[in-house]
Amino acid sequence: MRAAMVSELREDTINSDAVAAAFSVVPRHLFAPGEPLEAVYDANTPLVTKTGPDGTALSSVSAAHIQAVMLEQAEIEPGMRVLEIGSGGYNAALIAQLVGPAGSVTSVDIDPVIVARARAFLQEAGYERVRVVQADAEHGVPEQAPYDRIIVTVGAWDIPPAWIEQLAERGRIVVPLRFSGLSRCIAFDRSGNGLVSRSYCLGGFVPMQGEGTFAETLVPINGEATLRLDGPDPGFDVPALRKAIHGPRIERWSGAAFDLPDELELFVVTSAPKVPFLHASQLLVDQGVFTPAVTYGTAVLVEGGSFAYRTKRENKGTDGWESGVFAYGPQAEAVAERYVGLLRRWAADYRRRGAARIEYLPRHAGQVAPAGWYAPKRHGVVAVSWP
């Protein structure tokens with residue numbers, strides 16, 4: 001089963017022999033006792049190891065697919081010093097295989113239960129040399145710094161100063177970073193006092209606990225639809241939006257191809273101020289008010305009491321699918337035109353993987369806000385540009 005998993009990952013995820021060898025050697029099932037082997041060795045199945053009182057996942061063995069993606073992004077070499085933020089044991093064992101006996105691996109987690117489990121699993125699997133530390137990862141683990149690589153396996157809303165301070169001069173941080181309602185696994189390299197993306201991809205994890213905890217803002221429109229965003233409510237006209245939901249809807253089509261939806265979404269969100277995500281119930285979908293996309297959340301442009309979100313339709317003239325928008329409210333035409341303009345611009349100039357440049361700029365006294373789009377954080381800003 002392990003060999004079959006590695007073979008599948010080799011098809012579209014693992015590029016390097018070193019990462020393939022690590023997945024081939026580490027016994028994943030020892031880090032998820034009691035789980036069916038079919039689930040353990042399914043490349044796309046995460047294994048929840050702890051839940052909160054409300055059933056929310058607090059810790060998990062991530063899907064092998066996303067672990068492989070992040071290890072490829074990290075480009076770990078033998079002899080490196082690596083800090084893993086968020087313990088489970090399995091990923092630390094993979095890293096230990098990559099750094100070899102001359103390297104070192106430190107794994108930190110805030111939860112004493114998870115720490116104890118990780119230590120026990122690593123010892124059973126033969127990876128006693130991995131250090132597992134109980135601490136709030138907001139402060140890193142300075143005793144073992146500097147690190148050539150920092151790999152974050154929990155959802156982070158910010159990059160604490162300690163992570164950058166404990167990173168080697170030519171080091172790299174791979175982190176599933178949340179900004180403006182999005183989550184992207186970003187490989188950041190040092191650039192002066194800040195960080196600049198080397199690669200990024202879609203990916204999310206259970207959220208960080210401790211000082212790095214962050215809660216999104218929810219703006220209920222009615223009992224069946226909610227706007228979600230990071231940061232404070234900018235003052236949405238909720239009564240007008242509520243009225244617009246059940247009013248007339250227009251559709252406008254871009255004539256541009258629809259594909260790479262995660263890249264297109266990143267472009268839309270970072271090309272306009274304060275783009276929230278609309279989440280709505282299956283009831284509104286069944287009533288024909290919205291498409292099924294809203295049950296997972298979709299980026300919306302809002303202007304006063306009007307809004308628009310992206311949709312698609314079959315069109316052989318645009319490589320199979322064409323992008324468009326549905327718009328609601330008294331300014332539906334204007335907001336639809338604005339959204340369609342973004343769809344056309346992306347298709348013409350940025351329809352590819354990795355077109356964005358993502359930077360993290362630590363906050364300091366007298367700092368001037370960056371030009372272009374950015375999302376403020378506690379310790380700095382995330383700036384996204386489209387060269």
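Here the structure is a predicted model, which means the values were calculated and not measured.
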Is there a side-chain contact between Trp321 and Glu314 (heavy atoms, below 4.5 Å)? yes
Taking Ile85's backbone N and O only, do any of them form a donor-acceptor pair with Thr153's side chain (distance below 3.5 Å, no angle check)? yes
N/O donor-acceptor pair under 3.5 Å between Glu322 side chain and Gly255 backbone: yes
Within the 3.5 Å criterion, strictly below it, is a donor on His246 or Gln287 matched to an acceptor on the partner's side chain? no
Among Val384, Leu301, Leu342, find the one that has a side chain to side chain contact (heavy atoms under 4.5 Å, CB included) with Ser271. Leu342
Which heavy atom in Val302 sits nearest to a heavy atom in Phe307, and how many Å separate them? CG2-CB, 4.2 Å
I'd like to know if the side chain of Tyr309 and the backbone of Thr291 have a donor-acceptor N/O pair within less than 3.5 Å. yes
Can you find a heavy atom in the side chain of Arg2 that is under 4.5 Å from one in the side chain of Pro27? yes
Got a donor-acceptor contact below 3.5 angstrom from the Glu72 side chain to the Ser16 backbone? yes
The reported gap from CD1 in Ile151 to CD1 in Ile76 (rounded to nearest 0.5 angstrom) is 3.5 Å
Strictly distance-based, threshold 3.5 Å: is any side-chain N or O of Arg149 a donor or acceptor partner for the main-chain N or O of Leu71? no
Got a donor-acceptor contact below 3.5 angstrom from the Arg129 side chain to the Ala96 backbone? yes
Using a 4.5 Å cut-off on heavy atoms from C-beta on, say whether the side chain of Ile164 contacts that of Arg190. yes
Within the supplied structure, the quantity of interest is the number of heavy atoms (other residues, nucleotides, ligands) at a distance under 6.0 Å from Lys274 NZ; does it exceed 12? yes
Which residues satisfy the side chain to side chain contact (heavy atoms under 4.5 Å, CB included) test with Cys185, sequence neighbours excluded? Ile66, Met70, Gln73, Pro176, Cys201, Phe205
Rounded to the nearest 0.5 Å, how far does NE2 of His65 lie from OG1 of Thr45? 12.0 Å
For residues 256-267, tabulate all N or O donor-acceptor pairs below 3.5 Å that involve a side-chain atom, not counting sequence neighbours.
| from | atom 1 | to | atom 2 | distance (Å) |
| --- | --- | --- | --- | --- |
| Asp259 | OD1 | Arg351 | NE | 3.2 |
| Asp259 | OD2 | Arg351 | NE | 3.2 |
| Asp259 | OD2 | Arg351 | NH2 | 3.1 |
| Asp262 | OD1 | Arg353 | NH1 | 3.0 |
| Asp262 | OD1 | Arg353 | NH2 | 3.4 |
| Asp262 | OD2 | Arg353 | NH1 | 2.6 |
| Glu263 | OE1 | Tyr200 | OH | 2.8 |
| Glu263 | OE2 | Gly354 | N | 3.2 |

Keeping the roles fixed (side chain from Asp136, backbone from Glu211), state whether a donor-acceptor pair exists under 3.5 Å. yes
Nearest non-hydrogen partners of Gly305 and Pro330, listed with the distance: O-CD, 3.9 Å
For the OH atom of Tyr374 and the CD atom of Glu359, what is their distance to the nearest 0.5 Å? 14.0 Å
Please test Tyr127 against Gln97 for side-chain hydrogen bond (donor to acceptor under 3.5 Å, both in side chains), starting from the C-alpha separation and ending with a verdict. CA-CA 9 Å; Tyr127 295 94; Gln97 286 292 143; 2.7 Å; yes
Worked verdict on Glu75 versus Arg198 for side-chain contact (heavy atoms from CB on, under 4.5 Å): CA-CA 11 Å; Glu75 297 182 325; Arg198 181 182 180 89; 3.7 Å; yes
What are the two closest heavy atoms between Ala135 and Val108, and how far apart are they? O-CG2, 3.7 Å
For Phe214 and Asp230, what are the C-alpha separation, side-chain angles and deciding distance, and is it a side-chain contact (heavy atoms from CB on, under 4.5 Å)? CA-CA 9 Å; Phe214 176 81; Asp230 295 344; 3.9 Å; yes
Path from Met80 to Val25 over hydrophobic side-chain contacts below 4.5 Å: yes
I need the Glu165 CD to Tyr147 OH distance, nearest 0.5 Å. 13.0 Å
Are Trp157 and Phe277 linked, directly or through intermediate hydrophobic residues, by side-chain heavy-atom contacts shorter than 4.5 Å (ILVMFWY only)? no
Note, Gln144 side chain near Leu83 side chain (heavy atom, < 4.5 Å): no
Verify same cluster id: Leu218, Val269 (apolar side-chain graph, 4.5 Å): no
Is a side-chain donor or acceptor of Asp158 paired with a backbone partner of Pro160 at a separation under 3.5 angstrom? no
Do Tyr339 and Tyr350 sit in one hydrophobic cluster, given that two such residues count as connected whenever their side-chain heavy atoms are within less than 4.5 Å of each other, even indirectly? yes
What I'd like to find out is whether the side chain of Val285 reaches to under 4.5 Å of the side chain of Gln282, using heavy atoms alone. yes
Quick one, Gln209 with Asp111, criterion side-chain hydrogen bond (donor to acceptor under 3.5 Å, both in side chains). Give me CA distance, side-chain angles, the key distance, then yes/no. CA-CA 9 Å; Gln209 302 176 48; Asp111 190 324; 5.0 Å; no
Can you measure from OG (Ser254) to CZ (Arg252) and round to the nearest 0.5 angstrom? 13.0 Å
N/O donor-acceptor pair under 3.5 Å between Arg28 side chain and Val40 backbone: yes
Neighbour count >12 (heavy atoms, 6.0 Å) for atom CD, Glu128: yes
Side-chain heavy atoms of Pro370 within contact of Leu361, under 4.5 Å: yes
Electrostatic pair Arg81:Asp148 at N-O distance under 4.0 angstrom: no
Assess the pair Tyr328 and Phe290: is the distance between their ring centroids shorter than 6.0 Å? yes
Around atom CZ of Arg170, are there more than 12 heavy atoms from other residues, nucleotides or ligands closer than 6.0 Å? no
Heavy atoms, side chains only, cut-off 4.5 Å: are Pro276 and Phe236 in contact? yes
Cationic N near anionic O, under 4.0 Å, Asp349 to Arg344: no
Side chains of Tyr360 and Ile186 in contact at under 4.5 Å (non-hydrogen atoms): no
Heavy-atom closest pair, residues Ala92 and Ser107: CB-CB, 4.4 Å
Kindly check if the number of other-residue, nucleotide or ligand heavy atoms within 6.0 Å of CG (Asp286) is above 12? yes
Give me the ring orientation class for Phe23 and Tyr90: parallel if the planes are under 30° apart, tilted from 30 to 60°, perpendicular past 60°. perpendicular
Chi angles and distances behind the side-chain contact (heavy atoms from CB on, under 4.5 Å) call for Leu167, Leu195: CA-CA 11 Å; Leu167 189 66; Leu195 303 167; 4.3 Å; yes
Closest approach of Ile110 to Gly210 (non-hydrogen atoms, all atoms of both residues): CD1-CA, 3.6 Å
Judged by atom type as modelled, is there a donor-acceptor pair below 3.5 Å linking the side chain of Ser183 to the main-chain atoms of Gly203? yes
What's the shortest heavy-atom distance between Asn315 and Gly317, and which atoms? OD1-N, 2.8 Å
Are Val174 and Leu202 joined in one hydrophobic group, where the rule is that I, L, V, M, F, W and Y side chains link up if heavy atoms are under 4.5 Å apart? no
Glu216 CD: over 12 foreign heavy atoms closer than 6.0 Å: yes
Could you state the interatomic distance from NZ (Lys377) to CZ (Arg178), rounded to the nearest 0.5 Å? 8.0 Å
